[in-house]
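Lettering follows sequence order; numbering is per chain, from 1.
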Protein chains: 2
Amino acid sequence: MDSGDLAVFAAVAKTGGITRAAQALNTVQSNVTHRIQMLEAELGVPLFHRHTRGVTLTSAGEKLLPYAERIARLIGEAREAAADGPVARGKIIIGSLETTAALRLPPVLASYAAACPEVDIEIMTGTTAAMIEAVLAHRVEAAFVAGPVDHPDLVALPVVEEELVLATAPWIDDIAKLRDRAGQLKIVVFRAGCTYRVYLERLLAARGLVDVRRLEFGTLDGLIGCVAAGIGVTLLPRAVLAKAESEGRVALHAVPDKDAKVTTVLVRRGDSFVSTALRRFIETAQDFWRDRAPEQKVAAARIAPQARHSPRKR
Amino acid sequence: MDSGDLAVFAAVAKTGGITRAAQALNTVQSNVTHRIQMLEAELGVPLFHRHTRGVTLTSAGEKLLPYAERIARLIGEAREAAADGPVARGKIIIGSLETTAALRLPPVLASYAAACPEVDIEIMTGTTAAMIEAVLAHRVEAAFVAGPVDHPDLVALPVVEEELVLATAPWIDDIAKLRDRAGQLKIVVFRAGCTYRVYLERLLAARGLVDVRRLEFGTLDGLIGCVAAGIGVTLLPRAVLAKAESEGRVALHAVPDKDAKVTTVLVRRGDSFVSTALRRFIETAQDFWRDRAPEQKVAAARIAPQARHSPRKR
DNA sequence: CAAATGCCATCGATAAACCTGATGGGGAAC
DNA sequence: GTTCCCCATCAGGTTTATCGATGGCATTTG
C-alpha cells in the first residue's frame, strides 16, 4: 500500500465509480479496477460494495478514506515544503473580509508585490465564517477576518483594530431619532453571515429596535449609496466610511465602547506548512501596519519564527 | 513522489548513507541511489550532500524529512485501521428483533465481548422487515429476524426455535371467551411491521376475530403491562413471557402447532465479505446456543470457512 | 420485449518501472 | 601509495503498471 494506491482509492470513493475515477485520473478503468483489487487483497478487506450504478464504501473503506485524504494532502505539502526555497515564489491565496480588502489590503499588496515579484497572489473575499471555513478546508492559505477567533486548528494574529461606527443618512443627527422611523428602517449589510451584521443587530436591539428588515449588498459603494439615500443604516469600520462622510453623503455616529472595537486578525492553520511566500506576506502585512500606523495599539507580536522542520503539532 | 520514495529517503536520512540504507531496506545500493536521484529530479532540489563518509541532509532534505516520517506513520495507521486479520477487531453492527435482543442476546454479547475485546458492537433493533432491509442496504452486517427468510441475496442460519404463546389478562382462562369481548379487544404489538403481529392477526382471524384495534408499544414492559391490565392480547415467545406469567400478571395460552413455532434466524448478505469480527460473532452465537441449549433442535450448520483473500465474488 | 446504455471484471500484450550485480571514480585513513 | 569505504553509473533481467478490447450484468430506453 503506497500513496498512489490510496490516491486511486480516494478518487474512486469521491467519484462513486471506478469508471468515473479512471477518467478523473486520466487513465483507463481496468487500471483502477486492478489497483483497487490489489489494495483490497493486501488489506484482506473489501473496500467497496459493487453495484450496478457504481460503488460505495464498505465500513473498512470508510475507515480508510480519511487516511487517504490526509496522506494525499501531506504528500502535496511535502512537495511544496521541499521545493520551497529562501526566495518567495509560487502562488498564495489570501482570504479577506470585503471591508478589509477594500481598505487595508491595497497598500500591503503593493508592497508585497514589489518585494516578492515571483509570487502570484489571489484574493478571495467573504464573511468571517466563510473565510474560516476556507482556511480549514485549505482553500486559502490565510485570511483576514473579524476576531476573536478561537479554534484549535487555527492560529490568529491580530493585525489591526477597527473602530466601528454607525452610518446613517446625513440628515440624521441623533441616533435616538432612529426609533421614530423604526418601521421603515432597514439595516444594510454586505451579505448574510457578515460579522458586522451581528454587531449591528445587537446594537440596535439594545436600543429597542428589533426585527428590522435587512438589505444585502455585494458592493461597498452600493451599500453606502443606500445608506446615503436614507434607506437604512449600516455599521462599518470608520476608515471605510471616512471618505463618504467627508463628502457629506452619510453621517457617522459613535457607538458604545463595548460594541465599537473589533480586531481584524489574520488566521491560518496551525499545522500546515508555511511557504516562504506566505511567510513573507505575513511579515509584510505586519511590518506595514506596525510601521505606518504606529498610533494603533495593535498587539502585533511579530509572528514567532516557525519551527520549519517540525511543522506539525497537535 | 510517492510514499515509497519517501520511505527510501527517510532510510537514507536516518542511516546517513546510501549503502547503509540499502541494506536496511534489504535492497541494493544502486537502487537507493537511483530512487534518491529520481526524487531530487522531481523536486528540482538536491536532498543530500554527498561526501566520502556518506551523505547528510541539505536544507531541502531537512524540510522533507518530517513529512516523510509523518506519511510513513500515517500509512501504517491507515493499514491498521482498515485491515482485517486473524484477530477480530473493528466494529460490527448487528440487527435484532426487540424480543430477541431482550431475551437471547445479552448472554451472547457477554460471551462475545469477553472473547473479542477489540470489537465495538452496535445493536440495532427493529422489525423483521426493517432488519432485512438494513442487511440488504449494508447498514448492518447481520440480523436476527423471524424466519423463514427466503431471499436470493441473503443466507439465513437458524439459531433458535421459539414457541409463540398468546398472552392475555390473568382472568381469561379460555381463549374462546375472547370472542365475547371482541369489541373492546386490542392486539398489543411492538410496532407496525412486527412479524409476530402477522401471526397474531392470522390466528385471531381464524377464530372469527377480525378488525381488532392495534396498540403499539416500544418497550416490552409496557406491552406486558397493557396485556396484564386486560386492554388486549399479544403473541410473543414463551420465554419472553415466562417471568410475567410466574408473577401471575398474565395468562398464557398455547396456540395451534402450525402457528406456534417460529424460528429465529441470523441473516446476512450471501455475497458480502465476512470480517473476522463478524465470523467470530456468528460462531459465538452458534456455540452458545448449541452448547447451552442442546435440547433445541437447531439446524446449526457451522458457517463455512470463508476465502479471506479473495474478498469478492459475483 | 428488445436494444441500448452504463458499469465493472477479466485478459493478453506492451511499456514502464524496478531491482540486480558489476564496474569505476574519488576522497579519507593507514 | 595503497587500502578502504562510499557513491554514481551501466547493462541486464524481472516484476509491475498500463492499455485496449471483450464480456457479463442490470437498468433504462425505444
| task | Applying side-chain hydrogen bond (donor to acceptor under 3.5 Å, both in side chains), run through A/T33 and A/Q29 and close with a yes or a no. | result | CA-CA 6 Å; A/T33 295; A/Q29 166 263 327; 3.0 Å; yes
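Using modelled atom types, no side-chain atom of B/R53 and backbone atom of B/H51 make a donor-acceptor pair closer than 3.5 Å. At least one donor-acceptor pair closer than 3.5 Å links the side chain of A/E40 to the backbone N or O of A/L47.
The nucleotide whose nearest atom lies closest to any side-chain atom of A/T19 is, among C/dC18, C/dT10, C/dC8, C/dC8. Of all nucleotides listed (C/dT20, C/dA9, D/dT27), C/dA9 comes nearest to the side chain of A/Q37.
C/dG6 atom C1' lies 17 Å from atom CZ of A/R50, rounded to whole Å. What separates CG of B/N26 from P of C/dC18 is a distance of 18 Å, to the nearest Å. In this structure, the CZ atom of B/R20 is 18 Å from the P atom of D/dC4, given to the nearest Å. Per the geometry, CG belonging to B/N31 stands 17 Å off P belonging to D/dA11, to the nearest Å. Distance, B/H34 NE2 to D/dT9 P: 10 Å, rounded to whole Å. Rounding to whole angstrom units, CD of residue B/E40 and P of D/dC7 are separated by 12 Å. Rounded to whole Å, the distance from CD1 on A/I18 to P on C/dC8 is 5 Å. One interatomic measurement links the two molecules: NE2 of A/H51 to C1' of D/dA26, which rounds to 12 Å at whole-angstrom precision.
Within 4.0 Å (heavy atoms only), A/T33 reaches at least one base atom of the nucleic acid. If you check every strand for non-hydrogen atoms under 4.0 Å, A/S30 touches a base. Base contact: B/Q29 has a heavy atom under 4.0 Å from a base atom.
Relative orientation of the B/Y112 and B/F281 rings is perpendicular, given thresholds of 30° and 60° on the angle between their planes.
The side chain of A/R35 contributes no N or O atom lying less than 4.0 Å from OP1 or OP2 of D/dT16. When the side-chain nitrogen and oxygen atoms of A/T52 are compared with OP1 and OP2 of C/dC8, none of them lie within a distance under 4.0 Å.
Around the NE2 atom of B/H138, the shell of radius 6.0 Å holds more than 12 heavy atoms that belong to other residues, nucleotides or ligands.
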